[in-house]
Visitor: 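This is the structure I want to talk about, given as structure tokens.
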Amino acid sequence: MRLSLSATALLLFATSVAAKAEPAPAATAPIASITVPHAYAGYSEPEIADCQTKTPLMRECVVPAMTAGRYLIEVVADATASAADATQTLQIRLGGAQCVGSNPAPFKGAAGLHLGCQVTFLTDGPIVVSAIYAVQHGTPDPKGPRMVFHRLPWNGIVQAQGLGFKARSAPPSPSQ
């Protein structure tokens, strides 16, 4: 069967319209996975619960050797003020390096601080995570800081860091 040029164009147009009219298959959301990527074979993303309160001002948890995983660490510490100029600070340290810390916060009565640190571990040896609380003119809760590790699913990103640049009138060309 031989079609004229206009009949062929009409047939192609009708075919493309019909193809656009069909609904696209629904996109499925990726399933969150706690499992470690294949590149980290031999490592795991364990629950971290080996924690000890050293003093009412310090709690330490040990991340086991061969851990690879993303975690949200939450720390809460409480105290009761004993004078009008009471202050409190809290920090989360990872193997000696500070992840996050608070500025001295004035407080009255019973009050507390709550901090979080999101971290990706890839370690052959254990790492000590410390919650360090300081109180001036107040009494810390004798139970000390409380620290909880929440396992997070892998998102395929090893590291990302935002950068700010001075405003420009035009973006740089690829060759600059």
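Note that the structure is predicted; figures quoted are calculated from it, not measured. Both backbone and side-chain heavy atoms feed into the values below; hydrogens, waters and symmetry mates do not.
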Visitor: For Arg70, give me all partners under side chain to side chain donor-acceptor pair (under 3.5 Å), at least two apart in sequence or on another chain.
Guide: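 With neighbours one apart ignored, the set is empty.
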
Visitor: Using 30° and 60° as the class limits, which term best fits the ring planes of Tyr40 and Trp154: parallel, tilted or perpendicular?
Guide: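 Answer is tilted, since the angle falls between 30° and 60°.
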
Visitor: Applying salt bridge (charged side-chain N to carboxylate O under 4.0 Å, His left out), which residue pairs with at least one partner in residues 149-160 are found, sequence neighbours left out?
Guide: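 Passing the test, one end in residues 149-160: Glu47-Arg151.
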
Visitor: If you look only at pairs with a residue in residues 55-64, which of them pass as a salt bridge (charged side-chain N to carboxylate O under 4.0 Å, His left out), with sequence neighbours excluded?
Guide: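 Qualifying pairs: Lys54-Glu60.
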
Visitor: Please report the closest heavy-atom contact between Ser82 and Gly138, naming both atoms and the distance.
Guide: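 Looking at all heavy atoms of both residues, the shortest contact is OG-N, 3.4 Å.
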
Visitor: Once rounded to the nearest 0.5 Å, what's the spacing between atom NZ of Lys108 and atom OG1 of Thr80?
Guide: 15.0 Å

Visitor: Please list every donor-acceptor pair under 3.5 Å in which a side-chain atom of residues 89-99 meets a protein atom from a residue at least two apart or in another chain.
Guide:
unit_1: Gln91; atom_1: OE1; unit_2: Arg93; atom_2: NH1; d: 3.0
unit_1: Arg93; atom_1: NH2; unit_2: Gly96; atom_2: O; d: 2.3

Visitor: Are Val100 and Val75 connected into the same hydrophobic cluster when the rule is that any two of I, L, V, M, F, W, Y join if their side-chain heavy atoms are below 4.5 Å apart?
Guide: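 Same hydrophobic cluster.
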
Visitor: Less than 4.5 Å apart, side chain to side chain, heavy atoms only: is that true for Phe107 and Val135?
Guide: yes

Visitor: Do Thr53 and Lys143 have side chains that get closer than 4.5 Å, going by heavy atoms?
Guide: no

Visitor: Side-chain contact test, heavy atoms from C-beta onward, threshold under 4.5 Å: evaluate it for Tyr71 versus Val63 and give yes or no.
Guide: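 No. Closest side-chain heavy atoms not under 4.5 Å.
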
Visitor: Any idea which heavy atoms bring Ser44 and Pro46 closest together, and the distance?
Guide: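 Looking at all heavy atoms of both residues, the closest pair is O-CD, 3.1 Å.
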
Visitor: Once rounded to the nearest 0.5 Å, what's the spacing between atom OG1 of Thr55 and atom OH of Tyr133?
Guide: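 It comes to 12.0 Å.
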
Visitor: Which pair of non-hydrogen atoms, one from Ser130 and one from Met147, has the smallest distance, and what is that distance?
Guide: C-CE, 4.2 Å

Visitor: Holding to side chain to side chain contact (heavy atoms under 4.5 Å, CB included), I want the full list of residues that pass it with Thr139, two or more places apart in sequence or in another chain.
Guide: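 Thr139: no side chain to side chain contact (heavy atoms under 4.5 Å, CB included) contacts found.
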
Visitor: Can you give each donor-acceptor pair under 3.5 Å made by side-chain atoms of residues 111-128, sequence neighbours left out, with the distance rounded to 0.1 Å?
Guide:
unit_1: His114; atom_1: NE2; unit_2: Glu74; atom_2: OE2; d: 2.7
unit_1: Thr123; atom_1: OG1; unit_2: Gly125; atom_2: N; d: 3.2
unit_1: Thr123; atom_1: OG1; unit_2: Gly125; atom_2: O; d: 2.5
unit_1: Asp124; atom_1: OD1; unit_2: Tyr43; atom_2: OH; d: 2.3

Visitor: Hey, could you give me the CD/CE distance between Gln52 and Met58, rounded to the nearest 0.5 Å?
Guide: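 Answer rounded to 0.5 Å: 12.0 Å.
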
